[in-house]
> 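What follows is a single structure, and I will ask about it in a moment.
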Amino acid sequence: MATILDGRKLKTKILANLKSKIAQMEEKPSLTVILVGNNPASLIYVNNKKRTAEEIGINSNIITYPSSVTEDELLAKIHQLNKDDSVNAILVQLPLPGHISKEKVINMIDPKKDVDGFTPYNFGKLFSGEIPFVYPCTPKGILLLLDEYGIELDGKHAVIVGRSNIVGKPLLQMMLNRNATVSICHSHTKNLADITKTADILVSAVGENIIEEKMLKPGCVVVDVGIFKDAAGRTRGDVDFENVSKIASYISPVPGGVGPMTITSLMLNTVELFEKSKKRL
Ligand code: NAP
């Protein structure tokens with residue numbers, strides 16, 4: 001049976017250390033989250049972020065707007081937050097309503113306060129092999145989890161299924177930085193199983209239950225990023241956990257794997273941005 005990559009346990013450990021570090025700070029880091037509309041999943045995510053931040057001593061502030069807010073109003077608010085020295089980290093909860101350009105909104109965030117690492121500046125730094133202000137939260141959390149279990153990337157073949165800007169693309173570069181050989185697959189990939197079977201490390205970030213035991217090499221490491229509700233309302237990941245865990249060496253569960261690591265990385269990034277802002281003074 002595979003060893004479980006326990007994101008909850010690692011989250012507890014990292015956040016306890018972070019809490020002690022923040023307790024010794026005279027001034028506290030701050031995280032501002034902008035939430036537009038009342039998407040139920042977004043509300044849960046934003047409240048979790050606020051609760052976690054407050055538990056470890058980060059000042060957090062949620063700014064809410066109705067879904068009718070104009071793009072200009074939102075851009076003006078971000079401009080104001082950029083100029084406010086008491087704000088270290090800005091996160092705009094996605095998705096945004098259709099009349100608002102996600103790109104314009106993200107582009108408006110000062111890269112020095114871009115806690116998700118999504119601005120073109122930070123993305124560009126990442127892809128040019130330089131160091132961004134922070135690394136995107138989910139890929140960062142995945143690497144923290146692999147590191148915790150001593151899983152080496154150097155020389156390994158990592159296969160990522162999913163090429164989104166929040167998971168697949170930044171993870172590709174971050175794994176390359178660690179000298180893995182990386183393949184990235186998506187909905188147009190032909191013969192997906194032929195590629196996944198060659199993976200030493202398989203990361204799936206699709207949002208559908210597509211990874212079966214027969215698509216994998218025995219002994220591979222499996223990281224399941226996907227999270228969705230099935231027809232019966234149960235929380236599921238991309239991977240057939242029951243059968244895949246019989247042949248994998250390590251596997252992350254859903255829930256309790258990558259999810260807790262994403263929020264952990266958000267807290268780490270908030271503190272990193274705060275510390276960098278203090279060094280600039
Ligand atoms: P996304 O933007 O919808 O991207 C999904 C990716 O999967 C796309 O690249 C898509 O290919 C690919 N794909 C779809 N069907 C496929 C198929 N049959 N075979 C191969 N590839 C396929 O999603 P996302 O935002 O990256 O999120 C992916 C999943 O991870 C979701 O379930 C999300 O909730 C979850 N997630 C979890 C966390 C966490 O912290 N646990 C964080 C982020 C996301 P194309 O590019 O060709 O469309």
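In listed order, ligands and their atoms are each counted from 1. These numbers come from the heavy atoms of this one structure, side chains and all, not from hydrogens, waters or symmetry mates. Just so it is clear, the model here is predicted, and its values are computed rather than measured.
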> To check your reading of the model: name the closest protein heavy atom to atom 9 (O) of ligand 1, its residue, and the distance in Å.
Arg163 N, 2.8 Å
> Tell me yes or no: between the side chains of Glu73 and Thr70, is some donor less than 3.5 Å from an acceptor?
yes
> Look at Lys21 together with Glu275 and state whether they make a salt bridge at an N to O cut-off of under 4.0 Å.
yes
> Which option, Pro255, Gly207, Cys137, Ala205, owns the non-hydrogen atom nearest atom 5 (C) of ligand 1?
Ala205
> Could you list the atoms of ligand 1 found under 4.0 angstrom from a heavy atom of Thr262?
39 (C), 40 (O)
> Taking distance alone, with no angle check, do Ser187 and ligand 1 share an N/O pair under 3.5 Å?
yes
> Would you say ligand 1 has an N or O under 3.5 Å from any N or O of Ile227?
yes
> Tell me which protein heavy atom sits closest to atom 35 (C) of ligand 1, plus the residue, atom name and distance to 0.1 Å.
Val225 O, 3.5 Å
> Which atoms of ligand 1 have any heavy atom of Val161 under 4.0 Å away?
20 (C), 21 (N)
> Taking atom types as modelled, find out whether Ser277 and Lys112 have a side-chain donor-acceptor pair closer than 3.5 angstrom.
no
> Under a 4.0 Å N-O cut-off, is there an ion pair linking Lys104 with Glu71?
yes
> Any protein heavy-atom neighbour for atom 13 (N) of ligand 1 (distance below 4.0 angstrom)?
yes
> Heavy atoms only, cut-off 4.0 Å: how does Val206 contact ligand 1, side chain, backbone, both, or neither?
both
> Between Met261, Glu208, His186, flag the one that comes closest to atom 20 (C) of ligand 1 by a heavy atom.
His186
> Run the salt-bridge test on Glu152 and Arg178 with the 4.0 Å N-O cut-off and return the result as yes or no.
no
> I'd like to check which ligand 1 atoms, numbered from 1 as shown, lie under 4.0 Å from a non-hydrogen atom of Gly226.
29 (C), 30 (O), 32 (O), 35 (C)
> Mind listing the closest non-hydrogen atom pair of Leu216 and Cys220 along with its distance?
CB-SG, 3.9 Å
> Is Leu81 linked to Tyr121 within one hydrophobic cluster, defined over Ile, Leu, Val, Met, Phe, Trp and Tyr using a side-chain heavy-atom separation of less than 4.5 Å?
yes
> Any idea which heavy atoms bring Lys169 and Ile184 closest together, and the distance?
N-CD1, 4.2 Å
> Do any non-hydrogen protein atoms sit less than 4.0 Å from atom 18 (N) of ligand 1?
no
> Does His79 have more than 12 heavy atoms from other residues, nucleotides or ligands lying within 6.0 Å of its NE2?
no
> Please write down residue, atom name and distance for the protein heavy atom closest to atom 1 (P) of ligand 1.
Ser164 CB, 4.2 Å
> Determine whether the side chain, the backbone, both or neither of Thr138 has a heavy atom under 4.0 Å from any heavy atom of ligand 1.
side chain
> Taking 4.0 angstrom as the limit, do Arg8 and Asp6 come out as a salt bridge?
no
> Using the side chain to side chain contact (heavy atoms under 4.5 Å, CB included) rule, take Leu153 and Ile201 through it: C-alpha gap first, then chi angles, then the decisive distance, then the call.
CA-CA 8 Å; Leu153 282 130; Ile201 301 170; 3.9 Å; yes
> With heavy atoms of Gly162 as the reference, note each atom of ligand 1 found under 4.0 Å away.
6 (C), 7 (O), 9 (O)
> May I ask you to list the atoms of ligand 1 that are less than 4.0 angstrom from any heavy atom of Ile166?
25 (O), 43 (C)
> Return a yes/no value: protein heavy atom under 4.0 Å from atom 3 (O) of ligand 1?
no
